[in-house]
Amino acid sequence: MRTSGAKRSLTSMESMNMSYMDPKTVTLIGIPGLKHVQFWIGFSFFAVCLVALLGNIILLIIIPTEHSLHQPMYIFLAVLAATDRGLCVAIAPKMLAIFWFGFYSMAFDACLAQLFFIHALQGMESGILLAMAFDRYVAICDPLRYTSTLTPFILVSMVLVVAIRATVLIGILPILIKRLHFFHSIVISHSYCEHMAVVKLAAEDIRVNKTCGLFVGFTILGFDMIFILISYILIFQAVFRLHQKEARLKAFNTCTAHIFVFLEFYILAFFSFFSHRFGHVVPSTHILLSTIYLLVPPALNPIVYGVKNKVIRKRMAWLFFLNH
């Protein structure tokens, strides 16, 4: 009997150990420490997602159909709207299923797919913000060559480079995770599959994954932020050299929407990026802020550009039958 019991115990231990070898599923618990209220938090995130989806879909309707908006800045804005819509679709369904219905389980490969799409779309958003900064730089610092510089071929090339860069660099991350076989846990303390949250589950050497994550982060976010800052330093120098106050205000006014979007994106991005690797932030705070970082910019971008642009504002009013 004792031998039989020992065999059963050994079999049970082997089964438990095998469950963490090449796992087929993972468990997303949502917001640790706030599970008792995350049902209600879900309504706030649902409202933000609804605003983001509706606002970006409206932009994708207005920009192609309004001839006066067929300019580089608004073409980039349309790409940004498509990216933001994709980001909401990638994160919201599973997150709300966790918060409202308790669907915590997720296939491991589906988790890696979500990880790829979320981070790739973030990378694309960063690249589009850089393209928009370049557009403002040419428009203000070299206006006579604006149309000859930002030709349709150049615009398409820039968007393709942004998309290919994000796809290739982010594609490395799930491939490196797939080479890991042993995991000490399959429970992810998050509401979506984030790179470092998944990597930290591994019971193997993850230095390559961490190094690659930092490299990809700085190659995309760091590179883009540096060149956006350089663009705006040159823009401000050109603006302050203008003699007329009205000309300075008009030139600066064309940049305010982009500056706001740029600041909201990168401040939240770098907080999320560094707090997960080096900080000692309370997990619930980190997860709330990282989710806000993913969902709030897509909701605010259509509002910011809609308020700033008279044509978009009028077309939005027309769509909602408010033109009277």
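In Arg85, the CZ atom is not crowded: 12 or fewer heavy atoms of neighbouring residues, nucleotides or ligands sit closer than 6.0 Å. Within 6.0 Å of the CZ atom in Phe215, the count of heavy atoms belonging to other residues, nucleotides or ligands does not exceed 12. Heavy atoms from other residues, nucleotides or ligands lying under 6.0 Å from CZ of Arg145 number 12 at most. Other residues, nucleotides and ligands contribute more than 12 heavy atoms inside 6.0 Å of the NE2 atom of His184. Under a cut-off of 6.0 angstrom, the local environment of CZ in Phe117 is sparse, with at most 12 non-hydrogen atoms contributed by other residues, nucleotides or ligands. Around the OH atom of Tyr266, the shell of radius 6.0 Å holds more than 12 heavy atoms that belong to other residues, nucleotides or ligands.
Note on Ile118: it clusters hydrophobically with Ile292, by side-chain heavy-atom contacts below 4.5 Å among ILVMFWY residues. Linking Ile, Leu, Val, Met, Phe, Trp and Tyr whenever their side-chain heavy atoms come within less than 4.5 Å leaves Ile57 and Leu50 in two separate clusters. Both Phe43 and Tyr192 are assigned to one and the same hydrophobic cluster, defined by single-linkage of ILVMFWY side chains at heavy-atom distances under 4.5 Å. Linking Ile, Leu, Val, Met, Phe, Trp and Tyr residues whenever their side-chain heavy atoms come within less than 4.5 Å places Ile230 and Phe223 in a single cluster. Linking Ile, Leu, Val, Met, Phe, Trp and Tyr whenever their side-chain heavy atoms come within less than 4.5 Å leaves Leu160 and Val79 in two separate clusters.
The distance from the NZ atom of Lys35 to the CD1 atom of Ile31 is 11.5 Å, given to the nearest 0.5 Å. Rounded to the nearest 0.5 angstrom, Asp22 CG and His181 NE2 are separated by 5.5 Å. Interatomic distance, CZ of Arg136 versus CD1 of Ile259, reported as 11.0 Å (0.5 Å rounding). Going from atom CZ of Phe262 over to atom CG of Leu130 covers 10.0 Å, rounded to the nearest 0.5 Å. Taking CG of Asp135 as the start and CD1 of Ile140 as the end, the distance is 9.0 Å to the nearest 0.5 Å. Atom-to-atom distance recorded for Asp224:CG and Arg165:CZ is 4.0 Å, nearest 0.5 angstrom.
Using modelled atom types, no side-chain atom of Thr211 and backbone atom of Val208 make a donor-acceptor pair closer than 3.5 Å. Side-chain N or O atoms of His195 include none that pairs as donor or acceptor with a backbone N or O of Ile170 at under 3.5 Å. In terms of modelled atom types and a separation under 3.5 Å, the side chain of Glu204 and the main chain of Leu180 share no donor-acceptor contact. Judged by distance alone, the side chain of His190 and the main-chain N or O of Leu28 form no donor-acceptor pair under 3.5 Å. Counting only distance, with no hydrogens or angles, the side chain of Ser126 and the backbone of Gly123 share no donor-acceptor pair below 3.5 Å. The main-chain N or O of Met73 is never found under 3.5 Å from a side-chain atom of Gln71 such that the two would form a donor-acceptor pair.
Between Val261 and Pro297 there is no side-chain heavy-atom pair separated by less than 4.5 Å. Here the side chains of Leu34 and Leu288 are in contact, with some heavy-atom distance below 4.5 Å. In this structure, Leu112 and Cys193 have side chains that are not in contact, with every pair of non-hydrogen atoms separated by 4.5 Å or more. By the 4.5 Å heavy-atom criterion applied to side chains, Val138 and Tyr146 are counted as neighbours. Within the 4.5 Å cutoff, the side chain of Leu69 has no heavy atoms near those of the Ile75 side chain. Contact of the Ile29 side chain with the Ile188 side chain is not registered, since no non-hydrogen atoms from C-beta on lie closer than 4.5 Å. Annotation: side chain of Thr83 is not in contact with side chain of Leu87 (no heavy-atom distance under 4.5 Å). Residues Leu77 and Ile128 are not in side-chain contact: their nearest non-hydrogen atoms beyond the backbone lie 4.5 Å or more apart.
Cysteines Cys49 and Cys88 have SG atoms no closer than 2.5 angstrom.
Residues Asp142 and Tyr137 have side chains that never bring a donor and an acceptor to within less than 3.5 angstrom of each other. A donor and an acceptor atom, one from each side chain of Ser68 and Tyr74, are nowhere located under 3.5 Å apart. Inspection of the Asp84 and Asn301 side chains reveals an N or O donor paired with an N or O acceptor under 3.5 Å. A donor-acceptor pair shorter than 3.5 Å can be found between the side chains of Gln122 and Tyr293.
The two residues Pro32 and Ser189 come nearest to each other via the heavy atoms CG-CB, 4.1 Å. Residues Cys255 and Ile235 approach most closely at SG-CG2, 4.1 Å, considering heavy atoms. Closest approach of Ser185 to Leu201, counting heavy atoms only: O-CB, 3.5 Å. Across all their heavy atoms, Phe39 and Trp100 have their closest contact at O-NE1, 3.1 Å. The two residues Pro174 and Leu115 have their closest heavy-atom pair at CD-CD2, 4.2 Å. Shown here for Thr25 and Ser105, the closest heavy-atom pair between the two residues is CB-OG, 3.9 Å.
For the pair Lys178 and Phe116, the cation-pi test (distance below 6.0 Å, angle within 45°) is failed.
Ring geometry for Phe236 against Tyr232 counts as tilted: the plane angle lies between 30° and 60°, on a 0 to 90° scale.
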- Query: Taking it one step at a time, do Leu80 and Met132 satisfy side chain to side chain contact (heavy atoms under 4.5 Å, CB included)?
  - Reply: CA-CA 10 Å; Leu80 185 68; Met132 294 170 89; 4.2 Å; yes

- Checking side chain to side chain contact (heavy atoms under 4.5 Å, CB included) for the pair Leu150/Leu155: CA distance, chi angles, key distance, verdict? CA-CA 6 Å; Leu150 291 170; Leu155 295 181; 4.1 Å; yes

- Full working for side chain to side chain contact (heavy atoms under 4.5 Å, CB included) between Gln38 and Phe45: CA-CA 10 Å; Gln38 67 185 17; Phe45 286 139; over 6 Å; no

- Derivation of the side chain to side chain contact (heavy atoms under 4.5 Å, CB included) call for Ile154 and Thr149: CA-CA 8 Å; Ile154 294 296; Thr149 301; 5.8 Å; no

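Taking the six-membered ring where the residue is Trp, the centroids of Trp40 and Phe99 are separated by 6.0 Å or more. Aromatic rings of Phe108 and Phe183 (six-membered ring for Trp) have centroids within the 6.0 Å cut-off, being under it.
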